[in-house]
2 protein chains.
Amino acid sequence: MKASVKSDYACRAVEALALHHPNTRPLRIEEIAHREAIPANYLVQILIELKSKGLIQSRRGKAGGYALAKTPREITVGDVLRAVQGDVLEMPLLLEARCPEEIKRAWRRIKQAAEQAADDVNFEEICAEAKSRPEMYYI
Amino acid sequence: MKASVKSDYACRAVEALALHHPNTRPLRIEEIAHREAIPANYLVQILIELKSKGLIQSRRGKAGGYALAKTPREITVGDVLRAVQGDVLEMPLLLEARCPEEIKRAWRRIKQAAEQAADDVNFEEICAEAKSRPEMYYI
DNA sequence: TAGCATCTTTGGCAAGATACTAATGATTCA
DNA sequence: TGAATCATTAGTATCTTGCCAAAGATGCTA
């Protein structure tokens with residue numbers, strides 16, 4: 001089991017929007033991509049997924065861009081992971097008939113532990129930590 | 001993050017060996033492959049990795065095969081996952097300089113939760129569950 | 001209403017990972 | 001010696017990942 005770069009990008013993009021919140025001016029793709037060092041062409045697709053899951057909202061045209069659709073406190077890392085990869089920890093093998101039930105139970109325990117940990121971190125906390133290290137944001 | 005078929009095969013192979021324990025006759029690859037419905041040619045490679053990590057042992061030649069190198073209680077799901085995939089939850093992005101520290105912290109929390117859950121299940125428990133459902137082993 | 005800036009959608013693609021197959025070698029035992 | 005087994009290595013079809021880029025849709029403004 002490996003964490004994908006995409007999931008990381010998604011969390012960092014949401015963090016950027018959360019740090020900008022509740023400023024009314026939306027952040028453009030290019031701004032987010034630059035701040036978080038994410039390839040803009042890839043970020044586009046990630047933002048679309050986050051939007052379709054109701055985590056962020058967008059506006060087009062001049063003065064367009066992205067903003068959170070909820071408060072940072074209402075968005076967890078688990079929400080972001082589910083938005084971009086379907087589930088915090090995907091286990092297709094839970095559907096396989098040949099996997100014995102007791103092994104499936106062990107897999108489920110791991111899955112639930114990861115899910116709980118992911119749902120336990122919201123972006124208000126993440127922003128608070130980020131702001132306690134302001135030096136990062138002058139580079 | 002997705003659980004691989006390989007990890008599942010590894011757990012099922014160790015379960016088969018644990019259920020056979022402490023019988024002195026080793027289990028042949030073909031036996032394990034048949035019992036757990038795992039492609040034999042693939043299982044070979046998995047068993048080699050489990051052996052190199054000291055979880056199982058082997059004997060060659062006639063009357064050869066595999067057996068556990070420890071008691072089922074001494075082997076956890078976490079041990080098996082680390083043996084076949086390096087870590088319970090791999091997070092190469094923890095090494096990336098562009099990922100802010102507060103996001104890394106969130107990733108670490110998820111990683112540790114999964115690790116703890118995996119280390120919390122040993123194969124004695126798994127065997128006990130399996131034996132409480134004996135119907136599976138007559139098919 | 002023209003035109004531009006932005007988001008949106010779609011298709012493509014190179015590199016790597018996954019889940020195998022298969023051939024050959026090495027070891028043990030009778 | 002030879003049969004049975006594990007051990008090693010190479011190959012490979014398919015899928016996934018992490019992007020790029022072109023064309024479209026929409027909103028703002030002059």
Side-chain angles (χ1 to χ4, degrees), chain A residues 1-13 17 24-34 36-53 55-69 81 84-87 90-93 96 98-99, chain B residues 1-13 17 24-34 36-53 55-69 81 84-87 90-93 96 98-99:
Chain A
M1 298 181 287
K2 185 175 354 184
S4 65
V5 172
K6 182 181 183 179
S7 301
D8 188 49
Y9 286 167
C11 288
R12 284 154 63 181
L17 293 173
T24 55
R25 180 180 72 84
L27 280 182
R28 274 174 294 124
I29 291 176
E30 286 296 343
E31 284 181 288
I32 303 172
H34 182 258
E36 299 288 341
I38 302 172
N41 280 328
Y42 193 27
L43 179 60
V44 170
Q45 301 168 26
I46 295 169
L47 292 172
I48 295 295
E49 296 187 74
L50 292 171
K51 184 190 171 187
S52 77
K53 297 305 188 306
L55 299 181
I56 66 177
Q57 56 194 185
S58 66
R59 203 190 322 168
R60 298 204 222 194
K62 210 150 193 165
Y66 291 89
L68 295 186
L81 298 186
V84 299
Q85 61 187 19
D87 212 339
E90 297 173 275
M91 296 194 166
L93 49 89
E96 301 247 337
R98 309 309 301 258
C99 181
Chain B
M1 299 180 283
K2 185 175 351 186
S4 66
V5 172
K6 182 180 182 179
S7 301
D8 187 49
Y9 287 167
C11 289
R12 283 153 65 180
L17 293 172
T24 55
R25 179 180 72 83
L27 280 183
R28 274 174 292 125
I29 290 175
E30 286 295 343
E31 285 181 288
I32 303 172
H34 182 257
E36 299 287 343
I38 301 171
N41 280 328
Y42 193 28
L43 179 58
V44 171
Q45 301 168 28
I46 294 169
L47 291 172
I48 296 293
E49 295 187 75
L50 292 172
K51 184 190 171 188
S52 78
K53 296 305 188 307
L55 299 181
I56 66 177
Q57 58 193 185
S58 66
R59 205 191 318 169
R60 297 204 223 194
K62 210 151 192 166
Y66 290 90
L68 294 187
L81 297 186
V84 300
Q85 62 186 19
D87 211 339
E90 298 173 274
M91 294 192 167
L93 49 90
E96 302 245 338
R98 309 309 301 258
C99 181

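Atom set for the values below is all heavy atoms of this structure, side chains included, hydrogens, waters and symmetry mates excluded. Keep in mind the model is a prediction, meaning the values are calculated, not measured.
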A.B. asks: Between P on D:dA7 and CZ on B:R28, what's the gap in Å once rounded to a whole number?
C.D. replies: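 Atom-to-atom, B:R28 to D:dA7, this comes out as 14 Å.
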A.B. asks: Give the B/S/- string for nucleotides 25-30 of chain C, one per nucleotide from 5' to 3', where a protein heavy atom under 4.0 Å of the base yields B, of only the sugar-phosphate yields S, and otherwise -.
C.D. replies: BBBBS-
A.B. asks: State, yes or no, whether a side-chain contact exists between A:M1 and B:S7 at a heavy-atom distance under 4.5 Å.
C.D. replies: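 Answer no - side chains too far apart.
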A.B. asks: For B:R25 and D:dA4, give me the distance from atom CZ to atom C1', rounded to whole Å.
C.D. replies: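 The answer, rounded to whole Å, is 14 Å.
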A.B. asks: Let me know the distance between CD1 of A:I32 and C1' of C:dC7, rounded to the nearest Å.
C.D. replies: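 Whole-Å distance recorded here is 11 Å.
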A.B. asks: When you measure from the side-chain N and O atoms of B:S58 to the phosphate of D:dA7, is any distance below 4.0 Å, counting only OP1 and OP2?
C.D. replies: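 Checking D:dA7 against B:S58, a side-chain N or O does come within under 4.0 Å of OP1 or OP2.
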A.B. asks: Can you find a pair of side-chain heavy atoms, one from B:E31 and one from B:R25, that are under 4.5 Å apart?
C.D. replies: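 Yes, their side chains come closer than 4.5 Å.
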A.B. asks: Could you tell me the separation between the CD atom of A:Q57 and the C1' atom of C:dT6, rounded to a whole number of Å?
C.D. replies: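 A:Q57 atom CD is separated from C:dT6 atom C1' by 16 Å.
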A.B. asks: Report yes if the side chains of B:E49 and B:K6 come closer than 4.5 Å at any heavy-atom pair, otherwise no.
C.D. replies: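 They are in contact (side-chain heavy atoms under 4.5 Å apart), so the answer is yes.
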A.B. asks: Can you tell me how far P of D:dT8 sits from CD of B:E49, to the nearest Å?
C.D. replies: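 One finds 11 Å between P of D:dT8 and CD of B:E49, rounded.
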A.B. asks: Rounded to whole Å, how long is the line connecting atom CD1 of A:I38 with atom C1' of D:dC19?
C.D. replies: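 Going from A:I38 (CD1) to D:dC19 (C1'), I get 13 Å.
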A.B. asks: Do B:V84 and B:I46 make a side-chain contact, defined as non-hydrogen atoms from C-beta onward lying under 4.5 Å apart?
C.D. replies: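 Side-chain contact under 4.5 Å: yes.
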A.B. asks: Compare every heavy atom of A:P26 with every heavy atom of A:A63, then report the nearest pair and how far apart it is.
C.D. replies: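 Closest approach of A:A63 to A:P26: O-CG, 3.4 Å.
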A.B. asks: Determine, stepwise, if the pair B:Q85 / A:K2 fulfils side-chain contact (heavy atoms from CB on, under 4.5 Å).
C.D. replies: CA-CA 9 Å; B:Q85 62 186 19; A:K2 185 175 354 184; over 6 Å; no
A.B. asks: Please report the distance, rounded to the nearest Å, between CD1 in A:I48 and P in C:dC7.
C.D. replies: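 Atom CD1 in A:I48 sits about 9 Å away from atom P in C:dC7.
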A.B. asks: Assign B:I29 to base, sugar-phosphate, or nothing according to its heavy-atom contacts below 4.0 angstrom with the strands shown.
C.D. replies: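 Since only primed, P, OP1 and OP2 atoms lie under 4.0 Å of B:I29, the category is sugar-phosphate.
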A.B. asks: Give, for atom CD1 of A:I38 and atom SG of B:C99, the distance between the pair rounded to the nearest 0.5 Å.
C.D. replies: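 Separation between the atoms: 9.5 Å.
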A.B. asks: Starting at atom CD of B:E30, determine the distance to atom P of D:dA4, rounded to an integer number of angstrom.
C.D. replies: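 Interatomic distance, CD of B:E30 to P of D:dA4: 13 Å.
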A.B. asks: What does the B/S/- profile of nucleotides 12-22 of chain C look like, 5' to 3', with a 4.0 Å heavy-atom cutoff to protein?
C.D. replies: -------BBBB
A.B. asks: Measuring from atom NE2 of B:H34 to atom CD1 of B:I29, what distance do you get when rounded to the nearest 0.5 angstrom?
C.D. replies: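 So the NE2 of B:H34 and the CD1 of B:I29 are separated by 15.5 Å.
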A.B. asks: Specify the closest pair of heavy atoms between B:P92 and A:A3, including all atoms of both residues, with the distance to one decimal.
C.D. replies: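 Scanning both residues, the minimum pair turns out to be CD-O, 4.2 Å.
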